[in-house]
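Data first, discussion second: the structure below is written as structure tokens.
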There are 2 protein chains.
Amino acid sequence: MARKTKDEALATRSQILDAAERVFGERGVARTSLHEIAESAGLTRGAVYWHFKDKYDLLSALWERCRLPLEAAFAEIDAQLVDDPLARIRQKTRGVARSIVHDPRTRNMMGIALLRCEMVDEIAASRARLVGERDACLDKISSEFAAAILQGQLRKGTDARAAAISLHALIDGLCYHWLLDPSQFDFEAVVAAATDQWLTGLGAVLSPGKAGPRRPARRR
Amino acid sequence: MARKTKDEALATRSQILDAAERVFGERGVARTSLHEIAESAGLTRGAVYWHFKDKYDLLSALWERCRLPLEAAFAEIDAQLVDDPLARIRQKTRGVARSIVHDPRTRNMMGIALLRCEMVDEIAASRARLVGERDACLDKISSEFAAAILQGQLRKGTDARAAAISLHALIDGLCYHWLLDPSQFDFEAVVAAATDQWLTGLGAVLSPGKAGPRRPARRR
DNA sequence: AGAGATACATACATGCATGTATGTTTCAAG
DNA sequence: CTTGAAACATACATGCATGTATGTATCTCT
């Protein structure tokens, strides 16, 4: 075997990432060797070591690959619902649930992050990134809540940060349990109901059937 | 070294479990070898293999060791609040939070189960037990909710199972995030507030400062 | 068109984790 | 008091995962 064109090289890189996502999801991060990943990709360890420093570098790349579309979707929601923080919150939790249920890549990565990966020093890079994301996400939700309170969408005196932490935990917890056993409940439905339930408890008045102004249908 | 008395043997077994809890919590389950555990316990792998079949048997024993006191605490709450399902729910989430914050063993085990352990086939025994626990726990919470609805403590028409799933996820999610970074928030306070917030959203009317009839002070 | 760099595959050396087999005391039962 | 077994420690064999070094054929640039 020998040198490929740049496009082909990018394709093999993708193959490696796909294979890693598969095998990590099936056997867990720690228990999978680079040999298994290479084999599952139809390559050898040489290819893996060429494209990635080691297993944890691969993991970081995997995380990056699934982070971008999620952030784009969030940005789109931000842009479309500038003046309605409550609707933004509702749309975002629904959007995450939708992605997890319908996009295998997002679902697999969530499964890996929550269930197939030990949060220890070796994962430090990925872990720091994850914790960083989480903090950023939390700040974002907190500010949504703060804005909603300011606009009178939620009860005055509500602790925005505590409300944000709890809502975030609620969604993550539902995700964790659903990934453990997807047959137990309808993830999208429960996430939507729980979100609205939580917001209602904070004094929100929601139109029952809808989650704020309808966003345009998006093709998948 | 040679044969010890039965009590001494039980003591070394405990030493091994303590060491395993330590090292698993520090380095993750997959990355720790039985050699490290034995060394941390001041023993050799021979001792570990004498008392346990392998690493996953050890993990199961660890889980068992921390499950019992929690279940006892739950049973006590059940006994003391027979006629007040809503108070039982509030006491139990508070009790779990209290144990996690103040009892190192419970906290370490939660950390291992949620953050330091890959949920894969090799952990099948422990994992099945964990999932089983979770289902049993969920059924328990569901029936508490159902009872609360029957007694008029919650809004009629509430979906008991969905409410239970979400509350469970909420607490687990808070636990997950708090263990990831305990400096972020006051776990006990947020759990208590979030629980009450959730129940309020379901139509509960709670006396603000207290969580049902006072349980007797318990020594630690 | 030649040369160097690219994109891998192959080969090699090393180390560690596991499981088992065997040794060695000491306890405990008869 | 003897004997078998308990409660470990030690020794051994095996396999796998890792990282690197090297080979090699092809692309790409000039």
Side-chain angles (χ1 to χ4, degrees), chain A residues 1-20 22-24 26-62 116-118 120-126, chain B residues 1-20 22-24 26-62 116-118 120-126:
Chain A
M1 200 116 318
R3 179 175 187 189
K4 310 265 187 71
T5 173
K6 266 202 187 308
D7 290 352
E8 289 172 317
L10 270 185
T12 62
R13 190 188 133 98
S14 266
Q15 288 176 35
I16 295 173
L17 287 172
D18 290 341
R22 264 197 314 275
V23 188
F24 282 162
E26 289 167 6
R27 312 222 325 129
V29 172
R31 304 276 300 175
T32 68
S33 66
L34 295 185
H35 171 76
E36 294 178 83
I37 293 176
E39 194 179 27
S40 173
L43 300 165
T44 67
R45 275 171 51 240
V48 177
Y49 274 107
W50 173 255
H51 285 281
F52 305 96
K53 184 173 169 288
D54 55 23
K55 189 156 68 171
Y56 307 107
D57 186 36
L58 220 178
L59 193 63
S60 293
L62 264 185
R116 309 281 200 260
C117 158
E118 301 183 355
V120 285
D121 291 349
E122 284 86 1
I123 323 268
S126 312
Chain B
M1 201 115 315
R3 178 173 189 191
K4 311 266 187 72
T5 173
K6 267 202 185 310
D7 290 352
E8 288 173 317
L10 270 185
T12 63
R13 190 188 134 97
S14 265
Q15 287 175 35
I16 295 174
L17 287 172
D18 290 342
R22 265 198 312 273
V23 188
F24 282 162
E26 289 167 6
R27 311 222 326 130
V29 172
R31 304 277 298 177
T32 69
S33 66
L34 294 184
H35 172 75
E36 294 178 82
I37 293 176
E39 194 179 27
S40 173
L43 301 164
T44 68
R45 276 172 49 239
V48 178
Y49 275 106
W50 173 255
H51 285 282
F52 305 97
K53 183 171 166 289
D54 54 22
K55 189 156 68 172
Y56 307 106
D57 185 37
L58 221 177
L59 193 63
S60 292
L62 265 185
R116 308 284 199 259
C117 159
E118 301 182 356
V120 284
D121 291 350
E122 285 88 0
I123 323 269
S126 312

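Per chain, numbering begins at 1; letters A, B, ... match sequence-line order.
Remark: of the listed residues B:Arg22, B:Glu26, B:His35, B:Arg22 is the sole one forming a side-chain hydrogen bond (donor to acceptor under 3.5 Å, both in side chains) with B:Ser40.
Of all heavy-atom pairs spanning B:Arg31 and B:Glu36, the tightest one is O-OE2, 3.3 Å. Across all their heavy atoms, B:Asp57 and B:Phe52 have their closest contact at OD2-CA, 3.4 Å.
Here D:dA6 presents its C1' atom at 7 Å from NZ of B:Lys6, a figure rounded to the nearest Å. Atom CH2 in A:Trp50 sits about 16 Å away from atom P in D:dT22, given to the nearest Å. The nearest whole Å value for the distance from the CG atom in A:Leu10 to the P atom in D:dC27 is 16 Å. Atom CG in B:Asp7 sits about 14 Å away from atom C1' in C:dA28, given to the nearest Å.
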Could you give the side-chain donor-acceptor pairs of residues 9-20 of chain B under 3.5 Å, partners two or more places apart or in another chain?
from: B:Thr12; atom 1: OG1; to: B:Ala9; atom 2: O; distance (Å): 2.7
from: B:Thr12; atom 1: OG1; to: B:His51; atom 2: NE2; distance (Å): 3.4
from: B:Asp18; atom 1: OD1; to: B:Arg65; atom 2: NH1; distance (Å): 2.9
from: B:Asp18; atom 1: OD1; to: B:Arg65; atom 2: NH2; distance (Å): 3.2
from: B:Asp18; atom 1: OD1; to: B:Arg105; atom 2: NH2; distance (Å): 3.4

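From B:Arg27, atom CZ reaches atom OG of B:Ser33 across 7.5 Å, with rounding to the nearest 0.5 Å.
Annotation: side-chain hydrogen bond (donor to acceptor under 3.5 Å, both in side chains) contacts of A:Thr44 (sequence neighbours excluded): none.
Here C:dT10 is the nucleotide among C:dT10, D:dA7, D:dA9 with the atom lying nearest to any side-chain atom of A:Thr44. Distance from the side chain of A:His51 is smallest for C:dC8 among the nucleotides C:dA28, D:dC8, C:dC8.
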Going 5' to 3' through nucleotides 12-18 of chain C and flagging B where a protein heavy-atom sits under 4.0 Å of the base, S where only the sugar-phosphate is that close, and - otherwise, we get -----SB

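Side-chain N/O atoms of A:Thr12 include none lying less than 4.0 angstrom from OP1 or OP2 on C:dA7.
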